[in-house]
Amino acid sequence: MTFRTRFAPSPTGPLHLGHAYSAILAHDMARAAGGEFLLRMENTDRERSKAKWEALILEDLAWLGLSWSEPVLRQSDNLDSYEAPLARLREMGLLYPCNCSRKDIRAATAAPQEGAFPDLYPGTCKHRDVSSWQPGDALRLHMDRALARFGGNLPGFTETGEKNAGFHRIEAATALSRIGDVVLYRKDDAVIAYFLASALDDVAQQITHVVRGEDLFDFTAIQVLLLALLGLPVPVYHHHLLIRDESGRRLAKRDDARAISLFRADGATPKDIREKVGL
Ligand code: GLU
């Protein structure tokens, strides 16, 4: 099986050092394995995704010397492909509608647990039947029912990253206490949410190895669960360490000072960027 990996940025800001590391690492791993590197724009968040960021990301990646073996997959061009899998989850009785606002959720979650998944949902709408869905409602995964489908034999994935290499079986207690009933269909712009779209696109692009930051480790459990529920192949995952600044703080998108475009403007070379990120 050919090694195929991808870089899947969300065009909601400039490419910074952390992204560059992720992209170069994935690209180099593919080249070393005689495989393929693909690019996907995860732009289902219509409000925050901007054409100008996409253009800049493409320019920066090309400047870094990266090339991809197939045309860029844009999630906004692929929306139809998410419908059947979503309908399947619905038929399986694994979705429920939810009209809670972020504010409602915060109010219901009196004491957020330390280290909990940021959106751990308190279950306010869990009693609702999917047939009561109305335009403007989101759809959430009923995590307890999803886990029950596996009858104790939960799926897992192979990790090849620096930390925790080996096979990871999803743990029911962790899924319930850290992940919970994630949103799979968003009410704000009526599209499939990141978890499902990204996992489905990995299958559509025949990705064998997902290379991405360790900050997405919890997301992997959700995506593996979704793929297993849908009977789809689960790739191997490689979660890499994150690039941190001098004070050990992880770089975030808002750290525009680390934007590749600014290093470029200052006369840095692609080799300088590789050195900066330790590659
Ligand atoms: N689009 C996500 C992001 O930019 C990453 C997706 C992934 O690597 O699976 O944070």
Side-chain angles (χ1 to χ4, degrees), residues 3-30 36-58 60-61 64 66 68 72-79 82 117-119 157-161 168 179 182-184 186 189 191-227 232-243 250-256 258-260 277:
F3 181 110
R4 273 165 79 95
T5 191
R6 51 41 163 209
F7 178 55
S10 303
T12 54
L15 198 75
H16 66 59
L17 278 182
H19 298 118
Y21 174 65
S22 203
I24 299 171
L25 183 67
H27 184 266
D28 287 3
M29 283 174 70
E36 287 167 3
F37 171 76
L38 281 78
L39 184 62
R40 174 164 84 232
M41 285 293 161
E42 301 211 312
N43 61 353
T44 55
D45 186 334
R46 283 183 236 175
E47 185 133 318
R48 293 169 60 228
S49 300
K50 301 271 183 274
K52 69 164 184 182
W53 297 127
E54 179 176 323
L56 187 61
I57 290 171
L58 292 173
D60 286 340
L61 292 173
L64 285 167
L66 307 193
W68 33 99
V72 179
L73 176 77
R74 273 186 195 82
Q75 290 190 324
S76 56
D77 294 338
N78 214 20
L79 298 179
Y82 309 132
F117 196 69
D119 283 331
F157 62 95
T158 300
E159 166 68 44
T160 62
H168 292 257
I179 299 170
V182 289
V183 169
L184 296 187
R186 288 199 309 252
D189 45 10
V191 284
I192 306 293
Y194 159 75
F195 299 123
L196 189 56
S198 186
L200 291 172
D201 284 338
D202 283 333
V203 175
Q205 291 189 294
Q206 297 176 347
I207 300 303
T208 60
H209 292 72
V210 171
V211 178
R212 61 185 184 190
E214 63 178 359
D215 53 329
L216 300 183
F217 198 83
D218 274 350
F219 292 4
T220 296
I222 305 169
Q223 293 181 322
V224 167
L225 199 67
L226 292 171
L227 292 174
L232 295 170
V234 174
V236 169
Y237 290 83
H238 183 103
H239 295 90
H240 59 71
L241 302 179
L242 299 179
I243 298 290
R250 65 173 263 231
L251 293 185
K253 269 206 184 119
R254 57 188 169 280
D255 289 316
D256 288 359
R258 319 256 159 186
I260 298 303
V277 298

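Whatever order the structure lists ligands and atoms in, that order sets their numbers, starting from 1. When reading the values below, keep in mind they use all heavy atoms of this one structure, side chains included, and skip hydrogens, waters and symmetry mates.
- Per-residue contacts place Ser10 under 4.0 angstrom from the following atoms of ligand 1 (heavy atoms of the residue considered): 1 (N), 2 (C), 3 (C), 4 (O).
- Under the side chain to side chain donor-acceptor pair (under 3.5 Å) rule, Asp202 has a single partner from Gln223, Arg40, His209, which is Arg40.
- Counting atoms of ligand 1 from 1 in the listed order, those under 4.0 Å from a heavy atom of Arg6 are 7 (C), 8 (O), 9 (O).
- A donor-acceptor pair under 3.5 Å is formed between the side chain of Thr208 and the backbone N or O of Arg4.
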Next on the checklist: Would Gln205 and Arg6 count as a side chain to side chain donor-acceptor pair (under 3.5 Å) here? Give the steps.
Outcome noted: CA-CA 9 Å; Gln205 291 189 294; Arg6 51 41 163 209; 6.0 Å; no

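- Checking His240, His27, Arg212 one by one against Ser22, the side chain to side chain donor-acceptor pair (under 3.5 Å) holds for a single residue, His240.
- The closest approach between a heavy atom of Tyr194 and any atom of ligand 1 is below 4.0 Å.
- Atoms of ligand 1 lying under 4.0 Å from at least one heavy atom of Ser198, given by number and element, are 9 (O).
- Short contacts between ligand 1 and Arg212, defined as distances under 4.0 Å to a heavy atom of the residue, involve ligand atoms 7 (C), 8 (O), 9 (O).
- Between the Glu159 side chain and the His239 main chain, a donor and an acceptor come within less than 3.5 Å of each other.
- Near Ala8, with a cut-off below 4.0 Å to any heavy atom, the atoms of ligand 1 are 1 (N), 2 (C), 4 (O), 5 (C), 6 (C).
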